[in-house]
Amino acid sequence: MAHDPISDAVLQLLKSHDPDAAWALQREQDRQDHTIELIASENHVSAPVMHAMGTCLTNKYAEGYPGARYYGGCKYHDQAEDLARDRAKQLFGCRFANVQPHSGAQANAAAFLATLAPGDTFCSLTLSDGGHLSHGLKVNMSGKWFNPVFYPLHADPSHPEFERIDYDAVRTVCMEHKPKLLMCGYSAYPREIDFAKFRAIADECGALLMADIAHIAGLVAAGIHPSPFPHAHIVTTTTHKTLRGPRGGLILTDDEDIAKKIDRAVFPGMQGGPLMHIILAKAIAFAEALKPEFKDYAKRVVTNAQALASALASHGYRITSGGTDNHLMLVDLSARDADLTGADAEVWLEAAGIITNKNGVPNDPRPPRVTSGLRLGSPATTTRGFATDEMKQIAQWIERVLEAKGDESVCNAVQSEVQSLCERFPLYSSTAHA
Ligand code: DSN
């Protein structure tokens with residue numbers, strides 16, 4: 001098994017220095033090597049990206065921006081941050097990039113700070129229909145300090161656009177509430193987003209358009225999903241999902257005035273010192289995403305997701321909206337078995353070496369810790385080298401485990417087959433990340 005070489009090196013270092021930490025690292029490395037990762041928001045970074053995160057750039061404070069820092073000794077940090085900014089702009093075809101947000105949620109918070117005053121109204125997708133907690137959840141800063149109003153998905157099963165964005169409803173909600181900011185981009189939405197339609201609604205109601213492309217950023221970068229530019233005023237994203245970079249956030253815009261406000265909102269508005277080792281890793285990941293191989297990777301991510309979705313549908317599972325255009329799908333388990341919950345399915349599948357997350361389906365009668373659905377995605381398995389045959393095999397294993405309601409002997413048998421497949425597709429081998 002080709003382990004991730006950086007974790008291997010760190011493990012050797014830690015074995016005598018800190019055995020408890022070494023134990024946790026080793027077990028996690030084994031878990032990643034021997035299980036199938038179907039969580040739609042996760043991926044396996046390349047060895048150079050992994051290396052960059054464990055470097056001496058973590059030792060430095062670099063508050064401020066290139067050429068205007070609050071600390072001495074930043075000249076190489078300026079170079080690293082400029083590389084990351086320039087590559088991000090090239091990758092997404094826009095004029096301004098802020099690579100400092102520590103996460104996607106912080107990127108969103110900074111975008112709010114730059115464009116809204118406390119109490120202002122913004123509009124986003126109903127969270128239980130696939131939105132994100134930083135898009136207006138009551139207990140999140142976005143829901144406590146601002147006034148979110150929500151648009152739904154099409155809820156009529158007889159409508160051809162069932163469980164897809166209801167653009168008429170978006171317009172109605174926006175014209176009634178006149179939000180300052182209209183948000184699109186989601187955590188559990190399997191269909192293409194029409195950014196031009198959103199922009200037309202934003203213009204009509206006098207809002208800025210913000211696209212949170214955290215999930216689809218890699219597909220956008222590769223040209224597999226339409227770009228939010230030139231439609232969105234602000235684009236936020238994480239860098240670690242389909243984009244396959246280090247864990248972190250990124251904000252993009254074409255508007256110089258908004259860019260200045262974003263920079264001030266990130267620092268000193270939201271954050272102090274940037275994570276410069278992560279920014280170096282972002283620069284490396286952006287360069288990887290600019291390569292032709294990444295376009296091929298992104299295409300295979302979508303093909304693999306579609307293969308998994310249709311194989312599950314052939315086993316009697318309902319895929320919300322009837323399929324997927326991107327890297328993820330929502331599986332409504334209740335159509336297969338009314339008693340089956342996402343919570344049970346997640347635990348049973350994990351026992352078989354298949355890692356997923358329970359997820360509400362639109363209009364789910366069950367609460368978020370139980371749910372009637374699973375969210376599945378293909379970014380990590382595609383990095384590992386799986387193609388459509390392996391995705392169909394995974395669907396069969398899922399069916400075996402769920403049909404047997406997590407029976408221990410069935411889970412053990414599947415787990416052993418999963419392990420064999422993982423050994424045939426080692427992470428950090430010469431074929432992974434191709
Ligand atoms: N928690 C992430 C996800 O899994 O989609 C979103 O930030």
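Atoms within a ligand are numbered from 1 in the order they appear, just like the ligands themselves.
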Checklist entry - How would you list, by chain and number, the residues with a heavy atom under 4.0 angstrom from ligand 1? => result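 Lining ligand 1: Ser41, His132, Ser187, His215, Lys241, Arg375.
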How would you list, by chain and number, every residue that makes a salt bridge (charged side-chain N to carboxylate O under 4.0 Å, His left out) with [X], sequence neighbours excluded?
| X | value |
| --- | --- |
| Arg400 | Glu417 |
| Asp168 | none |
| Glu399 | Arg336 |

Checklist entry - Hey, are Arg85 and Asp82 close enough for a salt bridge, meaning a charged N less than 4.0 Å from a carboxylate O? => result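 The answer is yes: the pair qualifies as a salt bridge.
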Item to check | Lys405/Asp337 ion pair, N-O < 4.0 Å | outcome: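 Judged by the 4.0 Å cut-off on N to carboxylate O distance, Lys405 and Asp337 do form a salt bridge.
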Item to check | Option passing side chain to side chain contact (heavy atoms under 4.5 Å, CB included) with Leu376 (candidates Leu308, Leu330, Thr324) | outcome: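 Testing each of Leu308, Leu330, Thr324 against Leu376, the sole residue satisfying side chain to side chain contact (heavy atoms under 4.5 Å, CB included) is Leu308.
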